[in-house]
Amino acid sequence: MTSSDRLAELIEAARNGSARATGRLLSIVESPRRSELLDTLGPVDTPRVVGVTGPPGAGKSTTVGALVGAYRERGERVAVLAVDPSSPYSGGALLGDRIRMAAHINDPDVLIRSVAARGHLGGLAAAVPAAIRVLAALSYGLVVLETVGVGQSEIEIAAVADPTVVILNPGAGDAVQAAKAGLLEVADIVVVNKADREGADQTVRDLRAETMAPVLKLVAAQGDGLPELVDAIEMHHRSDSPERRAARARAQILSLAQTLLRTHPELDRLAAAVADGDDDPYTAAERLFVVRGGP
């Protein structure tokens, strides 16, 4: 049996409900066999992807858990991918405290998976686009992508998700930090979670002065404001267009190309030549693309 045959068997088993096969496929997308798996999958329909990001402690996991519940009530199969800077398998920083999603752990139509960032700049693991394709092939209609939300690196979530939901808390700290980190620039929806706390209304006013995105109030732990958030997400999905999808695809391609170039075997040699004055950075950059088979 060839390697492609074994992959095809895994895909078939996953489609028939095998959680073990699904987990194995999602491990393969983080391995050198990623391209082989994608070739075996072939064309797939693109699922809806909701990005959730924000500072640590803002309530992202609680919000994600609430969203999963809301979409399960609609009969959707939902997958959660958490991009974790610590561990690819244990759950690490984002999914270690699974009590926030405990209601969904035993639901066969909910998948919760941690994906290691593995040093990929931009906040998103290089495996994320492949994982989304796998999930689409397994009939998950909605993928919720959660990132750690620690700064400028999270902006790349907009290359994959539509919409990008930024979760903040009442008070000036989160709003100011989000603005400084550039998160508000990519936010399609801004959510002030824990909105039952003092200062929530002022935070909403401040944010509305900083961004054109809708700013909503939410108490995720109680579900207060959840229907309004789901409505805003659905409205954004309905307004998606081929142009927006192409723009997101272009951003993904450029990001992954940058990662490939960063590990190019000729990069160190070219850098040394430029540093010694034997070459200039413009010519070196062109050579990098030529060696890769580019223009």
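- Side chains of Thr203 and Asp206: no donor on one and acceptor on the other come within 3.5 Å.
- With hydrogens and angles ignored, the 3.5 Å screen pairs no side-chain donor or acceptor of Arg113 with any backbone N or O of Val80.
- For the pair Glu76 (side chain) and Tyr71 (backbone), a donor-acceptor distance under 3.5 Å is absent.
- Of all heavy-atom pairs between Ala213 and Ala187, the closest is CB-O, 3.4 Å.
- Here Leu10 contributes atom CG and Arg20 contributes atom CZ; the two are 9.5 Å apart, rounded to the nearest 0.5 Å.
- Using a 4.5 Å cut-off on side-chain heavy atoms (C-beta onward), Val78 and Arg72 make contact.
- Taking CD of Glu36 as the start and OG1 of Thr2 as the end, the distance is 8.0 Å to the nearest 0.5 Å.
- In the hydrophobic clustering of this structure, Val274 does not group with Leu270; members are Ile, Leu, Val, Met, Phe, Trp, Tyr whose side-chain heavy atoms approach within less than 4.5 Å, directly or through other members.
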One pair to check against side chain to side chain contact (heavy atoms under 4.5 Å, CB included): Val230 and Met235. What are the steps and the verdict?
CA-CA 9 Å; Val230 172; Met235 184 179 299; over 6 Å; no
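- Within the model, atoms CZ of Arg6 and OG1 of Thr40 stand 11.0 Å from one another, a figure rounded to the nearest 0.5 Å.
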Going through the checks in order, is the side chain to side chain contact (heavy atoms under 4.5 Å, CB included) test met by Asp201 and Arg205?
CA-CA 6 Å; Asp201 290 338; Arg205 287 192 291 270; 3.8 Å; yes
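- Between Asp188 and Val166, every side-chain heavy-atom pair lies at or beyond the 4.5 Å cut-off.
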Please assess Tyr140 against Val134 for the test side chain to side chain contact (heavy atoms under 4.5 Å, CB included), listing each intermediate value before the final yes or no.
CA-CA 9 Å; Tyr140 286 94; Val134 169; over 6 Å; no
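- Under the 3.5 Å distance criterion, the side-chain polar atoms of Arg197 are left unmatched by any main-chain donor or acceptor of Gly171.
- Taking OG1 of Thr147 as the reference point, atom CG of Leu81 lies at 11.5 Å (rounded to 0.5 Å).
- Considering only heavy atoms from C-beta on, Thr63 stays 4.5 Å or farther from Leu226 through its side chain.
- No side-chain heavy atom of Val29 sits under 4.5 Å from any side-chain heavy atom of Arg133.
- Of the N and O atoms on the side chains of Glu146 and Thr53, not one donor lies less than 3.5 Å from an acceptor on the other residue.
- No donor-acceptor pair under 3.5 Å is formed between the side chain of Asp224 and the backbone N or O of Val219.
- The residues Asp240 and Arg248 are annotated as salt-bridged, a charged nitrogen and a carboxylate oxygen being separated by less than 4.0 angstrom.
- Contact check for Val143 versus Val160: no side-chain heavy atoms found under the 4.5 Å cut-off.
- If you chain together hydrophobic residues whose side chains sit under 4.5 Å apart, Val44 and Leu37 never meet in one group.
- Scanning all heavy atoms of the two residues, the minimum distance from Pro163 to Ala161 falls at O-CB, 3.8 Å.
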Residues Ser27, Arg33; criterion side-chain hydrogen bond (donor to acceptor under 3.5 Å, both in side chains); working and verdict
CA-CA 10 Å; Ser27 294; Arg33 297 180 67 197; over 6 Å; no
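- Minimum heavy-atom separation, Lys194 to Gly57: NZ-O, 2.7 Å.
- By the 4.5 Å heavy-atom criterion applied to side chains, Pro170 and Val192 are counted as neighbours.
- Under a 3.5 Å cut-off, the side chain of Arg24 and the backbone N or O of Ala14 do not form any donor-acceptor pair.
- With Asn193 contributing its side chain and Asn169 its backbone, the two residues share no donor-acceptor pair below 3.5 Å.
- Nearest heavy atom pair, residue Ser139 against residue Arg77, reads O-CD, 3.4 Å.
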Which is it for Arg287 and Asp279 under the salt bridge (Lys or Arg N to Asp or Glu O under 4.0 Å) test, yes or no, and what are the steps along the way?
CA-CA 11 Å; Arg287 287 176 179 166; Asp279 209 342; 2.4 Å; yes
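- Using modelled atom types, one side-chain atom of Thr263 and one backbone atom of Leu260 make a donor-acceptor pair closer than 3.5 Å.
- Classification of Arg48 and Glu234 as a salt-bridged pair holds, one side-chain N sitting under 4.0 Å from a carboxylate O.
- Taken from CG in Leu288 to CG in Leu267, the straight-line distance is 6.0 Å, to the nearest 0.5 Å.
- Judged purely by atom type and a 3.5 angstrom limit, Asp276 has no side-chain atom pairing as donor or acceptor with the backbone of Asp278.
- Residue Leu207 forms a side-chain contact (heavy atoms from CB on, under 4.5 Å) with just one option from Leu216, Leu184, Val191, and that option is Leu184.
- Panel note: side chain Lys60, backbone Pro55; a donor-acceptor pair is recorded below 3.5 Å.
- Two residues are said to be in side-chain contact when any heavy atoms from C-beta on lie closer than 4.5 Å; Leu26 and Leu111 meet this criterion.
- Residues Thr283 and Asp280 form a side-chain contact, since some pair of their non-hydrogen atoms from C-beta on lies under 4.5 Å apart.
- Rounded to the nearest 0.5 Å, atoms CD1 (Ile132) and OG1 (Thr46) are 9.0 Å apart.
- In terms of heavy-atom proximity, Pro47 sits nearest to Ala136 at CD-CB, 3.4 Å.
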Step by step, work out the side-chain hydrogen bond (donor to acceptor under 3.5 Å, both in side chains) result for His236 and Asp162.
CA-CA 8 Å; His236 199 86; Asp162 190 61; 3.0 Å; yes
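- A pairwise comparison of heavy atoms in Ala251 and Ala159 identifies CB-CB, 3.6 Å as the closest pair.
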